[in-house]
Every structure is written in C-alpha cells, then in structure tokens.
Number of protein chains: 2
Amino acid sequence: MTVPTIDDVAAAAGVSKATVSRVISGTFTHIRPETRRRVEEAIAALNYRPSAVARSLTSHRTNTVGMLVSDVANPFYGDVIHGVEDEGIAAGYNVLLANTNYDLDRGMALIRSLIDRRADGVLIMSSSGSDAWLRELAQAGMPAVVLDWAGRKSEQVSRIEVDFRPGIAEAAAHLLELGHKRFGHIAGPLTLRTSRDRRDAFLDALAEGGVARDRALVATGPLTIEGGREAWRLLREEARTPTALFCANDLMAIGALSAARSEGLRVPGDLSIIGLDDIWLAPQFDPPLTTVALPRYEIGKLAMRLLLKLLAGAAPERQVVVTSLVIRKSTGAP
Amino acid sequence: MTVPTIDDVAAAAGVSKATVSRVISGTFTHIRPETRRRVEEAIAALNYRPSAVARSLTSHRTNTVGMLVSDVANPFYGDVIHGVEDEGIAAGYNVLLANTNYDLDRGMALIRSLIDRRADGVLIMSSSGSDAWLRELAQAGMPAVVLDWAGRKSEQVSRIEVDFRPGIAEAAAHLLELGHKRFGHIAGPLTLRTSRDRRDAFLDALAEGGVARDRALVATGPLTIEGGREAWRLLREEARTPTALFCANDLMAIGALSAARSEGLRVPGDLSIIGLDDIWLAPQFDPPLTTVALPRYEIGKLAMRLLLKLLAGAAPERQVVVTSLVIRKSTGAP
DNA sequence: CTGTTAGCGCTTTCAA
DNA sequence: TTGAAAGCGCTAACAG
C-alpha cells in the first residue's frame, strides 16, 4: 500500500501532473471546472495528500515557523502558545514547538535543526537566549521575533517588550486607594534585572502617591512559594509590619499568604496581597488573588503577527506590551 | 547571500557531490581522510547546512516524530514531553509538539499536517482522541503510540496504559496503617471511566483491609480546586465525617484541604488527605501533599521507545505503567 | 575510494 | 486551458 504521488493522481484523472499541481495549489483561475472536478475526484479516490517535503523543495517555503520556549510546562507559555497557534493557523502556518529546557546549547541545537528544516522563521520566547542564536539565524537569513530580552539589535529581528510599570502602578494606586499606610514588597533575587525593575516600579508608584521610598519594607527571596513564605517571615519581624503587600510573582504571593494565614492573619482583613503573573492558580486560590496580569494570549498573537510581517518583507520593529491589574479578593481596606 | 547547496560545497572542495553527501551523512568508512578534511573545510567555510527537506525527499525519512497533547500548558505533560525529547534526541529524532486544545477537529488537522510533512510516526498523548485519527494514520501507513485510551486496536499502533490500582492500593493501606476508621473519597464526575476506576480501586483496597464498601463515603464534583471544596462540604454534613480522604486528583485534594481548614480542621491532625497526580504544586503546598504519582518522565521515554521499535519494524505492543504513593505531610494518625 | 547517473514528488516557465 | 520539460538539493545504486 504505497503512498500515492501526484503522478498517480494525474494518471487516474487522465491529465498531466502540472494540472494536478494547479488544482492542489488552488490556482483554479485557468482550469476548466470539469477538469478540476475529475482531478478532485481522483484525489479523493486515492486519498492523496501532497507531500509537504516535495512542495517545500521546489517552493523554497515550508509554511512552518519554529517557536522556542524555555519550558513548555511553564504555565506562562500556555496562553502564549495558543495565541501563536491561532494566529499561525489563520495564516496557514504550522508551528513547531520546541523546548530549550533553559539550556543554551540545547537551544542552539534546536535553532540549527530549524535552519536545517528550512523553517520560514522563528519565535524566540524563552526567557533567556544567547546572541549566538541570533547570529546563527542571521547567517541563515532566517527572520525571528524575540520576547523581552535586551540582546544586540540585528537585522531581521523584531522585538516584543513587556512593560510591567502600568500594572504595578495600578497595584500601588489600588492599595493606596483602599487606605493602606504600611506597605511591603516581596522581591525576587535582586541579581535579576526584572526583580529590580518590579521593585522600583512599585516604590516609584508609591512615591508618587506620597509614600517615601524608605517607608516601604522590602524583603527578597527565590521566586517560589517557599520563597514567599520566608520573605514574609522577614517582613513580619519588622516594627511596622505592612498591611499591604505587593509580590514579585504569584507564587511568592501565595507563599506569603499561606505564611501570614498560618500566623492567624486574615486576608484581606489584616493583610492585602497582590501578586504578578496571573497564573491559573490565582483565580482558584482562596481567596482569589488580586494580581498584575500580562496579556499572554495577545503576546502570542502579536509575536506571530510580527513574524508574518517580517516574512512579508517588512522591516524589523519593536512593540511594547503593557500589563494591568486584575482585582480579586485578596485585597481590601486595612 | 544565497544559501549554499551541496554543489557549492562540492565545487569548493573539488570533489563530486556524492562525496560531500557521504561526508555529511557520516558514511566515513570509505573516504580518504584527506578528502574528508577538504570537504569539511569547505562546509565550514561556506557555513553549509544540508537541507533536511531535500534529504527527506530522497531518503523517505524525516527523522521527525509528531507528539500530540491536549494542552501543553497542562502540567501533566511537562515531564512527559521531557521524557519523549530526551529519548528522541538520543536516537536522532526531532519532536514536533502539537496542541490539540481538546479539540478533535484540531487534532485531525494536526494529524493531516503530520502526514503531509511525512513525519516518521506520531505519539498521541492527548487524553482523548477519535478513532478517525487512527484511521487516518493507518491509511497513511504512519505508526503511532497512544497513551491510555481504549480505542479500537489497529495495526501499527502501540499502547501505553496507566494502572492506578497499585498506587491507590498503597494509599488505602497507608491510611489503614495510620489507624484511620472513617474514610471518604472525593471522586471526579462518574460519567468518566477514569473516575469510576479510581473510586473502585480505592473502595476495593479498603475492602481488602476490612472496610466494607458502604462504610466509605463518596462525594463527587468537577476535577478542580473548587470541585474539591464543594465535595468536602457534602462529606462534612454526613454523620460519620471521615478522618481520611482520598481524592481523584491533586486539585480536588487541595480544594478539600482548603475547605476543611477554613472550617478549623487541622491537616493532618484532624483530617488526612491524599491526592493523585503529583502536580508541581503538591510538594510546595502547605502541608506538602501525600499523593499517588505517575512516572510521567518514564511514560514519555517509554512512549518514544515504543515508537522507535515500531519504526524499526517491530510489531505493535501494549505496555502497562504502574503508579505509586508518595508520602508527604498531609497524612498522619487520626 | 570517488564519480556518474537517475531519480524523490512537486512547481514553474514556456509552448502548444 | 493544458502539457512538456527542467529543475529544487540531496541520496543511492552502479561503475570505475
């Protein structure tokens, strides 16, 4: 039971393979309806499927884009992937998802593999990547879109940047408006630029609301639930224990929340908490978590759209995506 | 800057393209070292990368396998994917990850796309799939491995089944050993076969330990955190409120736990809880959750290994994977 | 050990 | 409107 080829279809329909080719590629413009019908019948009868491999060889296009993420299991990527896929499917592209596993060498291997397969372009959504990747892509003349890293600017690369300031400013304003006076921030490791940025954004926003920078307590820890717990214990020992807390991510917020609660504090009664990320757990938690959300799905769609523009020959561009506050039940009046 | 082809390399190295082909495919056996060196230099100089699409056209193999999952963001798949990738990379295969999004039509489209690209085989790890998928694959002569569904048996399809009984039996034994007398089970929707299987496995195991089936309370709800909360409230109203609870999945366990705790119960002091799945949250939760775990990474490796065997011409087979209990801090003496 | 020669399955001029 | 023929970039006999 050998797989049928275009020649089989041509023979079955009594036409040349050029005609079959025209039918399958949708260039109906100059084909007699009757001929087209015969070809389509033959295709159906043989259950013929044109070989994408052969088509790509001649057309020099694969209608495929690669998408690199650091870890597909990371809940952050779920929505991004959906966005990319939806936009990609609509444009007739296939998306090859690949996992770098936070490993630069693995990422390079994947990029090489995408080059070998002659993917039309790449979406690099991994949190970190190396300039070597971009160099390799540039050499192969393969356009790319990168999410959120500094990286050197290069040709054929569009960029998406996420601006957390607006969402964090809303968070601070929300807390201020509720009447809080004692603020705390639980930051991620300050060696990370993103940790510093989020902290600064929060302190700046408070300052704008009249709270001096040194009036807000800051503790740091790893970006995990346990990290949040530990950081809360640190804050707890300070004289002016906060009544309002902004955490660098939802995991830390959940950790702080559970630690505070096990000390008998009520949330939001005694302590208001805001996270960042809006992971799937956030709305399901008890209480549902108020958090700064990124438009993940939109980021995915945008990334794909930028890549399509590049493929269409447009010049690289840079787009900024903003965040916003989602108010749920973990915040209230002090 | 046009992409170099094998002819360019051949010209640069002053050999025929057949020789270049031999070098790149690693058939060094019959090549003079000096010749090989010249070719390799030319390859490096031109930054030549053989076109996988051209190679596939002639070799009739793509060294690519597709992997269908219902939702990459589902934490369940993270480890499975890693297992598949690790095993695949070791064997020189690329893994194309595709998301069905719990949509049968989407899945069918993806399968067609894999057929068009002439993938060498497919791993179907989505929780549900249609027989139409398998028919399509069979027609295309494409081998597949499916995870955990009944599906009609067909040629060229190997199966992996997960047996929850061993792990659930361990869970019941653990609870019994701790001295519990009043048991409860929080089941998923009983319309799902897996829900019924898990419930039966638990009740059977208890029965073996001397607890009559009707002595254990069963409540059901959706397989979510909120579902767990609601189900707990139902059990709570029964006369013989359980001191030991086995839940159909970790999410429900977490829901039940948070509901019980907000009623003032201590876990594990007043109530022991066991989940199933061992999601990433389980060990991080407070208290870390005792749960029935599946060897997800191993499942991934096994799936890939079964597919490789199929690709090597072996007959389809069926393998059963067993579960086991991971004891953490949510269980204790009553 | 290396080169020649056919294709692989399709697209794309160029003619008819 | 359709067909013939020449590739796309590579592999795989078969010679030499």
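Chain naming here is simple, since letters A, B, ... match the order of the sequence lines and numbering starts at 1 in each.
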Full working for side-chain contact (heavy atoms from CB on, under 4.5 Å) between E161(A) and Q319(A): CA-CA 6 Å; E161(A) 263 157 48; Q319(A) 291 250 351; over 6 Å; no

Can you give me every donor-acceptor pair (side chain of residues 93-100 of chain B, partner residue at least two apart or in another chain, under 3.5 Å) with its distance?
{"from": "Y93(B)", "atom 1": "OH", "to": "R61(B)", "atom 2": "NH2", "distance (Å)": "3.4"}
{"from": "N94(B)", "atom 1": "OD1", "to": "R117(A)", "atom 2": "NH1", "distance (Å)": "3.0"}
{"from": "N94(B)", "atom 1": "ND2", "to": "S113(A)", "atom 2": "OG", "distance (Å)": "3.2"}
{"from": "N99(B)", "atom 1": "OD1", "to": "V72(B)", "atom 2": "N", "distance (Å)": "3.0"}
{"from": "N99(B)", "atom 1": "ND2", "to": "E85(A)", "atom 2": "OE1", "distance (Å)": "3.4"}
{"from": "T100(B)", "atom 1": "OG1", "to": "V69(B)", "atom 2": "O", "distance (Å)": "3.4"}
{"from": "T100(B)", "atom 1": "OG1", "to": "Y102(B)", "atom 2": "N", "distance (Å)": "3.3"}

Minimum-distance nucleotide (side-chain atoms of K17(A) versus dT11(D), dT2(D), dC10(C)): dC10(C)

Side-chain donor-acceptor pairs under 3.5 Å in residues 10-19 of chain B, sequence neighbours left out?
{"from": "S16(B)", "atom 1": "OG", "to": "A18(B)", "atom 2": "N", "distance (Å)": "3.3"}
{"from": "S16(B)", "atom 1": "OG", "to": "T19(B)", "atom 2": "N", "distance (Å)": "3.4"}
{"from": "S16(B)", "atom 1": "OG", "to": "T19(B)", "atom 2": "OG1", "distance (Å)": "3.4"}

Gap between atoms CZ and C1', on R22(B) and dT4(C) respectively (whole Å): 10 Å

Between dG9(C) (C1') and D7(A) (CG): distance, integer Å: 8 Å

Under 4.0 angstrom between R32(A) side-chain N/O and dT1(D) OP1 or OP2: no

End-to-end axis angle, where each axis spans five pairs of the helix from dC1(C)-dG16(D) to dA16(C)-dT1(D), to 10°: 30°

Pairwise distance CD1(I115(A)) to CG(N47(B)) - rounded to 0.5 angstrom: 8.0 Å

Any S21(A) side-chain nitrogen or oxygen under 4.0 Å from OP1 or OP2 of dT11(C): yes

Of L123(A), V146(A), L306(A), the residue whose pairing with I160(A) passes side-chain contact (heavy atoms from CB on, under 4.5 Å): L306(A)

Nearest-angstrom distance from the residue atom CD1 of I31(A) to P of dT11(C): 12 Å

Length of the line joining R118(B):CZ and dC8(C):P, which is rounded to integer Å: 14 Å

Contacts of type side-chain hydrogen bond (donor to acceptor under 3.5 Å, both in side chains), residue R55(A), not counting sequence neighbours: none

Residues that S51(A) engages under side-chain hydrogen bond (donor to acceptor under 3.5 Å, both in side chains), provided they are two or more places apart: none

Between C1' of dT12(C) and CD1 of I24(A), the distance in whole Å: 13 Å

Inter-residue atom distance K301(A).NZ - H82(A).NE2, 0.5 Å rounding: 13.0 Å

Phosphate OP1/OP2 of dT2(C) contacted by T35(B) side-chain N/O (<4.0 Å): yes

Non-hydrogen atoms of A91(A) and L308(A) that approach each other most closely: CB-CD1, 3.7 Å

Distance, rounded to the nearest Å, where I115(B) contributes CD1 and dG9(C) contributes C1': 17 Å

Test salt bridge (charged side-chain N to carboxylate O under 4.0 Å, His left out) applied to R38(A) and E41(A), step by step: CA-CA 5 Å; R38(A) 286 224 314 284; E41(A) 280 175 13; over 6 Å; no

Which nucleotide in dT12(C), dT11(D), dT4(C) has an atom nearest any side-chain atom of A18(B): dT4(C)

N/O (side chain, S16(A)) to phosphate O (OP1/OP2, dG3(D)) under 4.0 Å: yes

Touch class at under 4.0 angstrom, heavy-atom based, for V15(B) against every strand present: sugar-phosphate

Distance in angstrom units between R38(B) CZ and dC1(C) C1', rounded: 13 Å

Atom pair distance, as rounded to whole Å: CD1 in I6(B) and C1' in dT5(C): 14 Å

Proximal nucleotide (of dG9(C), dT13(C), dT11(C)) relative to the S51(A) side chain: dG9(C)

Of residues 56-64 of chain B, the positions that come close to DNA chain D - non-hydrogen atoms, cut-off under 4.0 Å: L57(B), T58(B)

